[in-house]
Amino acid sequence: MKFVLEVDVDADRPAEDTAGELGRILRYWGGNLKHYALKPGDGSAVYDSQYQEVGRWSIVESDGS
């Protein structure tokens with residue numbers, strides 16, 4: 001299986017703000033994954049600190065590569 005995380009970042013945001021926001025997203029979802037079976041088809045929307053949807057994570061079948 002493969003874990004896929006896609007997050008859209010604001011190109012106008014300073015790099016340190018982007019890095020901080022991505023770190024927060026990774027910490028939050030890293031701790032939250034225990035609530036999922038982690039099987040293909042699992043996934044959820046990803047939200048920033050302003051509770052705006054900015055992406056999605058999912059578990060997909062591995063392509064064998």
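The analysis underlying the following values was restricted to heavy atoms, covering all of them including side chains, and did not include hydrogens, waters or symmetry mates.
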Partners passing salt bridge (charged side-chain N to carboxylate O under 4.0 Å, His left out) against K34 (at least two apart in sequence or in another chain): none

Hphob cluster co-occupancy, W57 + L26, side-chain heavy atoms under 4.5 angstrom: yes

Y28 atom OH: more than 12 heavy-atom contacts under 6.0 Å: no

Pairs satisfying salt bridge (Lys or Arg N to Asp or Glu O under 4.0 Å), at least one member in residues 51-61, at least two apart: none

Pairs of donor and acceptor atoms involving the side chains of residues 3-18, under 3.5 Å and at least two apart or interchain, shall be tabulated with distances.
from: D10; atom 1: OD1; to: D12; atom 2: N; distance (Å): 2.9
from: T18; atom 1: OG1; to: P14; atom 2: O; distance (Å): 3.4

Atom pair NE2/CG of H35 and D42 - distance to nearest 0.5 Å: 13.0 Å

Partner residues of Q50 under the side chain to side chain contact (heavy atoms under 4.5 Å, CB included) criterion, sequence neighbours left out: D48, Q52

Shortest non-hydrogen separation from Y36 to S44 and the atoms involved: OH-CB, 3.8 Å

Residue list, side chain to side chain donor-acceptor pair (under 3.5 Å) with S49, at least two apart or on another chain: E21

Separation between OG of S62 and NZ of K2, rounded to the nearest 0.5 Å: 5.5 Å

ring-ring contact (aromatic ring centres under 6.0 Å, His included) involving Y47 - partner list, sequence neighbours excluded: none

Verify same cluster id: W29, V60 (apolar side-chain graph, 4.5 Å): no

Residue pair P40 / I59, side-chain heavy-atom distance below 4.5 Å: yes

